[in-house]
There are 2 protein chains.
Amino acid sequence: MQSQAEILLKGKHRDEPISPQLRELLESIGTIRKIEKDGYIFHEGEEAHDIYIIQSGIVQMSKLAANGKELILRICKKNDLIGELTLFSDNPAFLLSAKILEPGEVIVINKDKLERALLENSMLTFEFMKWTSNHMRKFQSKIRDLLLNGKKGALYSTLIRLVNSYGIEHKDGWLINISFTNQELANFCAATRESVNRMLAELRKKDKIAVMKNGEILVKDLDYLKDEIGCEGCPIEICNIN
Amino acid sequence: MQSQAEILLKGKHRDEPISPQLRELLESIGTIRKIEKDGYIFHEGEEAHDIYIIQSGIVQMSKLAANGKELILRICKKNDLIGELTLFSDNPAFLLSAKILEPGEVIVINKDKLERALLENSMLTFEFMKWTSNHMRKFQSKIRDLLLNGKKGALYSTLIRLVNSYGIEHKDGWLINISFTNQELANFCAATRESVNRMLAELRKKDKIAVMKNGEILVKDLDYLKDEIGCEGCPIEICNIN
DNA sequence: ATTTAACAGTAAGTTCCATCACTTTCCCCT
DNA sequence: AGGGGAAAGTGATGGAACTTACTGTTAAAT
């Protein structure tokens, strides 16, 4: 049995969101495209012909609401698959927007090609289904976190997920290796910037977190966050933000 | 172009959640089990060996939170697939509880058998993936509805989805053909019974809904509900509660 | 027919959270 | 070095939603 620390210590290599075989297939039928900071790979509602796998860089997936509010659902990095929900769909339009937070490269894979390839290779089908099903599980745990413990629950669980996905070890705790503005954190939680600011101030006062000079958050007491929201210790492959 | 009325008029046959081929496969490798009112087909956390397809009856899928709160996520009927998220999973435990609201029968399908069958028949794989992906889309629209317009948004969107899934035509609007207590409606919305009661009272006062003697809700002005929450008219195969 | 239990309905008080309005801090730019 | 813009931080206020507490209603149970 590994402790969470040991699991996290594997560092950047701890995530293998898609299997090596699946990745190989995707690479073989895809083409590389550069993605540039603050641009978008695609926008919600656009017609979808391709799906993407991230090679490097960071991509934020979000949904826009009618009233102008934005809901951030995922933060994706190397080996994450995005745009996948348009696969096997009758009217393939992107459901989310993909904003580039850090530049890098993606593999662009033609939807039809991929569909055919998947259907021809049952091992890959297996991997793909496994990935999809896992993704759905994350989503169900997320919906609970966001709804069932108020805004505090939403923020704390977001912080926990960010640590699980982007936390690096630090002598005082876990450092979340991407910086977000208060507004962005609020968009994860369907809360306001001011509420998030106040909650972070309180956590800082209680010495549960600290904010670094570059804006990154250091979580000093992860267990406190978990306790406060009645975290049931779901596995790290579910409790993340990818 | 069909109007929503025309689509709904197709009545009970408007939903074909899974394709006839997929259904045939499932039936051929499954066995029948009777399900009895107020019982459970399975509970959250139990080890999962089978998945189920509903033949008749009504089944409610819900997630329990640490603080005792319950979140109802789906209401399933004939041809709906449940327990599906344990497929292709490493540690197959049910993520939701399946409570029987109306007695009936389910087809019990062994997980391993189904996995093998799916991998051997790519046409079925295709259908299955399509179903999964569609399911994920529903979920994303749901998370937006529940989070982005307060409790009113959550309740109104729940009513709209119930009409889309269980609405039958009525001279004054759409009658939701299952009855729920205020508490149950609250559990759909992550709200309290009292809040739901007040919102329903307000809708009744404005003559937008009416409550029948058996507790069923008659939605007299569906467009009002849609307008109030900035409904973007997503298709009926997404905006439902199955 | 009366009791009981479950649910609906309402009101008052409290807490949570969004909104508004502003100041302060940070950091980029020339 | 100083100015401008973006983000952080904070207080006041109001409204939304939860809590508590109670009454009214219905339907089943004895």
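Values below: every heavy atom of this structure, side chains too, minus hydrogens, waters and symmetry copies. Proteins get letters first, then strands, A, B, ... in listed order; numbering begins at 1 in each.
Counted by atom type alone, Ser141(A) and Arg161(A) present one or more donor-acceptor pairs between their side chains at under 3.5 Å.
For the atom pair NZ of Lys208(B) and CD of Glu228(B), the computed distance is 8.5 Å after rounding to the nearest 0.5 Å. Rounded to the nearest 0.5 Å, atoms CD (Glu102(B)) and OG (Ser56(B)) are 10.5 Å apart.
A donor and an acceptor atom never sit less than 3.5 Å apart when one is taken from the side chain of Gln183(B) and the other from the base of dC7(C). Remark: the Arg204(B) side chain and the dG9(C) base include no donor-acceptor N/O pair separated by less than 3.5 Å.
Mapping Lys213(B) and Ala201(A) onto DNA chain D via the closest heavy atom, the residue that lands nearer the 5' end is Ala201(A). Heavy-atom distances to DNA chain C give each of Asn149(A) and Asn214(A) a nearest nucleotide, and the one nearer the 5′ end belongs to Asn149(A).
Looking at heavy-atom distances under 4.0 Å, Ala190(A) makes contact with sugar-phosphate atoms alone, never a base. When heavy atoms are screened at a 4.0 angstrom cut-off, Thr181(B) is found touching the sugar-phosphate backbone but no base atom.
Of the candidate nucleotides dA18(C), dA8(D), dT19(D), dA8(D) has the atom lying nearest to any side-chain atom of Asn182(A). For Arg193(B), counting side-chain heavy atoms from C-beta on, the closest listed nucleotide (dC18(D), dG9(D), dA21(D)) is dA21(D).
The main-chain N or O of Ile241(A) is found under 3.5 Å from a side-chain atom of Ser165(A) such that the two form a donor-acceptor pair.
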